[in-house]
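Down below is the structure, laid out as structure tokens.
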Amino acid sequence: MSDTKIKIAIGADHAGFEYKEILKDFLQAYEVKDFGPYSADSVDYPDFAHPVANAVESGEFTYGILLCGSANGVAITANKHQGIRAGLCWENEVASLVRQHNNANVLCIPARFVSADEAKKITETFLTTAFEGGRHQNRVEKISC
């Protein structure tokens, strides 16, 4: 890791709230900002996905982590931002590949489809896997509209 501390923006909806809280504790070695929600009450995921995506897109945060039931809603929302490459990850290998091949900067975890321990492993893999560059760099550059 470089001298610069990795900063993580994290957010969820009601389905991802519990795992968001678990991951905040798990990520104590990083600087983490919680963008909500702050309870398990029903909420609309775009209200939290957009602020996390904005925080990463602006460069204020290195990575974002978003959680919802399927992770599709938060991934779709985050990927509306030009500077965001949000990857939906349900296992370690996918988390590794979205970093290696796609240089993803937002991790989206489906809370209803993975255990809390799997969510931690996926997060650790995402945060510790480097982008391979090379042939993948040209592909990533073609993503923006």
Side-chain angles (χ1 to χ4, degrees), residues 1-92 94-112 114 116 118-134 136-145:
M1 184 161 62
S2 70
D3 294 331
T4 305
K5 188 163 187 174
I6 292 175
K7 295 174 69 177
I8 300 168
I10 192 168
D13 71 354
H14 51 280
F17 173 75
E18 179 184 352
Y19 282 15
K20 177 179 67 75
E21 296 301 305
I22 290 168
L23 288 178
K24 282 179 7 188
D25 288 338
F26 178 70
L27 295 168
Q28 290 182 6
Y30 300 92
E31 185 176 330
V32 178
K33 181 175 179 184
D34 184 352
F35 283 78
Y38 307 107
S39 77
D41 295 342
S42 183
V43 295
D44 298 332
Y45 58 82
D47 294 341
F48 305 95
H50 282 303
V52 167
N54 283 331
V56 175
E57 189 174 35
S58 74
E60 183 181 354
F61 289 82
T62 315
Y63 298 114
I65 299 173
L66 291 167
L67 303 105
C68 74
S70 72
N72 279 295
V74 292
I76 291 167
T77 303
N79 278 318
K80 296 293 182 187
H81 297 254
Q82 281 297 313
I84 296 300
R85 292 171 306 282
L88 195 163
C89 300
W90 59 93
E91 63 180 32
N92 265 347
V94 176
S96 180
L97 289 172
V98 301
R99 287 290 305 128
Q100 290 173 342
H101 295 183
N102 310 116
N103 200 16
N105 52 11
V106 175
L107 169 63
C108 300
I109 300 175
R112 292 185 177 144
V114 300
E118 288 170 324
K120 290 178 191 176
K121 290 175 189 169
I122 290 165
T123 300
E124 182 174 8
T125 297
F126 183 89
L127 295 174
T128 59
T129 302
F131 176 51
E132 288 181 355
H136 302 292
Q137 182 63 46
N138 187 46
R139 296 169 185 162
V140 169
E141 289 172 3
K142 291 181 177 182
I143 292 173
S144 294
C145 295

Check your understanding: Got more than 12 heavy atoms from elsewhere within 6.0 Å of OH, Y45?
Key -> no
_Would the distance check show the side chain of S96 and the main-chain N or O of N92 forming a donor-acceptor pair, the cut-off being under 3.5 Å?_
no
- Message: Does any part of the side chain of H50, heavy atoms only, come nearer than 4.5 Å to the side chain of T77, both counted from C-beta?
- Response: yes
So CG of N79 and CD1 of I84: to nearest 0.5 Å the spacing works out to 8.0 Å
Check: Hey, mind stepping through H81 and N54 against side chain to side chain donor-acceptor pair (under 3.5 Å) and telling me if it holds?
Finding: CA-CA 8 Å; H81 297 254; N54 283 331; 3.2 Å; yes
CG (L97) and OG1 (T129) are apart, to the nearest 0.5 Å, by 9.0 Å
Donor-acceptor check, side chain of D13 to backbone of G16, threshold 3.5 angstrom: yes or no?
yes
To the nearest 0.5 Å, atom NZ of K20 lies from atom CD1 of I109 at 13.0 Å
Review point. Can you find a side-chain donor-acceptor pair between H14 and D41 that sits under 3.5 Å?
Key: no
When every non-hydrogen atom of G69 is compared with those of A15, the smallest separation belongs to N-CB, 3.5 Å
With a 4.5 Å heavy-atom cut-off, do V74 and L67 have their side chains touching?
-> no
Rounded to the nearest 0.5 angstrom, the CD-OG1 distance for Q100 and T125 is 10.0 Å
Quiz item: Hey, is the main chain of A130 close enough, under 3.5 Å, to the side chain of N103 for a donor-acceptor pair?
Solution: no
- Message: Within the structure provided, determine whether F26 and E124 are in side-chain contact (heavy-atom separation under 4.5 Å).
- Response: yes
Value for NZ (K142) from CD (Q137), rounded to nearest 0.5 Å, stands at 12.0 Å
- Side chain proximity check, D34 to K24, heavy atoms < 4.5 angstrom: yes
In the structure I gave you, are the side-chain heavy atoms of I122 and L107 within less than 4.5 Å of one another anywhere? yes
- Evaluate the side-chain proximity of F48 to V43: yes if any heavy-atom separation is below 4.5 Å, no if none is. yes
Note to self: Does the plane of the ring in F61 sit parallel, tilted or perpendicular to the ring in F35? Use 30° and 60° as the thresholds.
What the structure shows: perpendicular
| query | Is there a donor-acceptor pair closer than 3.5 Å between any side-chain N or O of D44 and the backbone N or O of P46? | reply | no
Task: Worked verdict on R112 versus Y19 for side chain to side chain donor-acceptor pair (under 3.5 Å) - done: CA-CA 10 Å; R112 292 185 177 144; Y19 282 15; over 6 Å; no
Begin with the C-alpha distance, continue with both residues' side-chain angles, and end with the deciding distance and a verdict on side chain to side chain contact (heavy atoms under 4.5 Å, CB included) for R99 and E132. CA-CA 8 Å; R99 287 290 305 128; E132 288 181 355; over 6 Å; no
Note to self: So I65 and L23, do their side chains get closer than 4.5 Å, heavy atoms only?
What the structure shows: yes
inquiry  = Between the side chains of K121 and E118, is the shortest nitrogen-to-carboxylate-oxygen separation below 4.0 Å, so that they form an ion pair?
reply    = no
Fill in: Residue pair V106, R85: steps toward the side chain to side chain contact (heavy atoms under 4.5 Å, CB included) verdict
CA-CA 6 Å; V106 175; R85 292 171 306 282; over 6 Å; no
Distance col, row C108:SG vs F126:CZ, nearest 0.5 angstrom, shows 8.0 Å
Query raised in the report: Run the side chain to side chain contact (heavy atoms under 4.5 Å, CB included) check on K7 and E60 step by step: do they pass?
Result: CA-CA 8 Å; K7 295 174 69 177; E60 183 181 354; 4.1 Å; yes
Apply side chain to side chain contact (heavy atoms under 4.5 Å, CB included) to the pair I8 and I6, showing each step before the final yes or no.
CA-CA 7 Å; I8 300 168; I6 292 175; 4.0 Å; yes
